[in-house]
Amino acid sequence: MQRKIAVVGTGYVGLTTGACLATLGHQVVCADIDAAKVERLRAGEVDILEPGLADLVQRGLRTGRLRFVVGASAAVEPDTDVLFLCVPTPMGVDGSADLRAVVSVLGEVRDILPPGCAVATKSTVPVGTADRLAMMVGSPIVSNPEFLREGTAVDDFLHPDRIVVGSSDRSAARKVGELYQGLQAPTLILDAASAEMVKYAANCFLAVKLSYVNAIAQLCDRVGADVLAVTEGMGYDPRIGRSFLKPGPGWGGSCLPKDANALVHVAESVGLEFPLLRSAIEQNQRQLDEVLDRVRQACDGTLRGARIGLLGLAFKAGTNDLRDSPAIRIADALAAEGAEITAHDPAISGELPGIRLVDDPYEAVKGAVVVLVLTEWPEFRSLDWTRVAELMDGFTVLDTRNLLDGDLLSRAGLTWRGMGRPC
Ligand code: UDX
């Protein structure tokens, strides 16, 4: 059934949700407070790097199924069936999720929501929020967590593993679940707290898995094992699975760090410690320290005045998102110890504090004592490594993503070091 939908917030979650729901045949109005952004979206211009999204937005505009307006209240119409909240819930100073944007939008629309309109939260919110917000607005609130990965958000939306909807009002939950009819995925209709918990539990499980594999990589380095062989051996076990087993410079992005801290906070608020998750967060810092130690070693102990070339700044390949990127944290830490940082990322241009950002990867490695690969952009594999060796002032390439062919680099006269891999 075609529904009338309002989506508030046009970040990668809101815009993907709006454009994909329009593609599924619904009538969608997307709202944002940034008038200039709304103007660009009306012209079919999408700022974020999300494969396929601009095409869907332009198609939605052409068919008239997708519109953009300024401000949440402009998106609500007398026959709106569902309002999606897709506004940021950043990490507050104490680690908890900051709900000010959610509360402000609800305050703005509560008096104009038509009777029977369901409000669905895509924003990750603390467990119990849906029920609390329902009391505030007097309308049913449905938790409908998203599991979209940046860089594959459209594909993840259109080919989900599962649809999760939860509310104390089951018919509102079903109404939201039915929006996804046509997608081949099991739909779980839950209570609100369980739906909210699924999102945290899933993201935090992934964070724990990554911290575990990063710790195993550190161990492999010290005992002379190869983490690639080890994770292959682990991944054949279907209880473990093959995905999310790649070591790196630490996990980052707009969700995992925020959600891990928020769940620790949720646990604390009910008198639980959750040391496992705390350790995963701590291990993420250790992974960063491990990278910094290796750079110091390669620079004979001191970073003062050392020129370091960085390849990659985004928190992962396929996105231009720098939020909580381990690459930025590493660059900042190196700069704080006096290193001179030059960086190249194929998706990022402009200015960044403390970093000389260049458009050419060869410019980034010129004169560098050490080169670090921090984002797994496939194009770094096909760099001319002989040219890189000629341009560098040193020999060491620290490949924190295990992206490169170590033998090829050795033949070019470079010393390649991966994470958890023999040199
Ligand atoms: C994540 C969840 O995967 C998604 O379901 C949720 O909706 C939002 O948060 P995203 O933040 O886009 O998605 O990134 P993801 O692909 O999960 O990667 C998270 C971090 O883990 C990145 O820093 C990435 O580089 C790192 N990572 C991932 C690894 O280091 N190794 C891996 O094998 C996988």
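Just so it is clear, the model here is predicted, and its values are computed rather than measured. Counting starts at 1 for both ligands and their atoms, following the listed order. Scope of the values below: all heavy atoms of this structure, side chains included, with no hydrogens, waters or symmetry mates.
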Tell me, which protein residue and heavy-atom name are nearest [atom], and how many Å apart are they?
atom                    : value
atom 18 (O) of ligand 1 : F244 CZ, 4.0 Å
atom 4 (C) of ligand 1  : L148 O, 3.5 Å
atom 16 (O) of ligand 1 : K316 NZ, 2.9 Å
atom 23 (O) of ligand 1 : G252 N, 2.9 Å
atom 22 (C) of ligand 1 : F315 CD1, 3.6 Å
atom 32 (C) of ligand 1 : L210 CD2, 3.4 Å
atom 9 (O) of ligand 1  : C255 CB, 3.1 Å
atom 2 (C) of ligand 1  : N203 OD1, 3.6 Å

W251 neighbourhood, listing ligand 1 atoms whose heavy-atom distance to it stays under 4.0 Å: 20 (C), 21 (O), 23 (O)
Numbering as shown, the atoms of ligand 1 that approach L245 to under 4.0 Å (heavy-atom distance): 33 (O)
Please indicate whether any nitrogen or oxygen in [X] is less than 3.5 Å from any nitrogen or oxygen in ligand 1.
X    : value
K246 : yes
E150 : yes
R401 : yes
R149 : no
L256 : no

S254 near ligand 1 by a heavy-atom separation under 4.0 Å: no
Within-shell test, G253 vs ligand 1, heavy atom, strictly < 4.0 Å: no
Just by distance, no angles: are the side chains of [X] and [Y] close enough, under 3.5 Å, to form a donor-acceptor pair?
X    : Y    : result
S211 : W251 : yes
K37  : T10  : yes
K246 : N402 : no
K199 : T124 : yes
Q283 : R278 : no
S325 : K316 : no
Y12  : D47  : no

I want to check something: taking the side chain as every heavy atom from C-beta on, are [X] and [Y] in contact at a cut-off of under 4.5 Å?
X    : Y    : answer
L398 : V373 : no
D289 : Q285 : yes
L403 : F380 : yes

salt_bridge(E290, R286) N-O dist < 4.0 Å: no
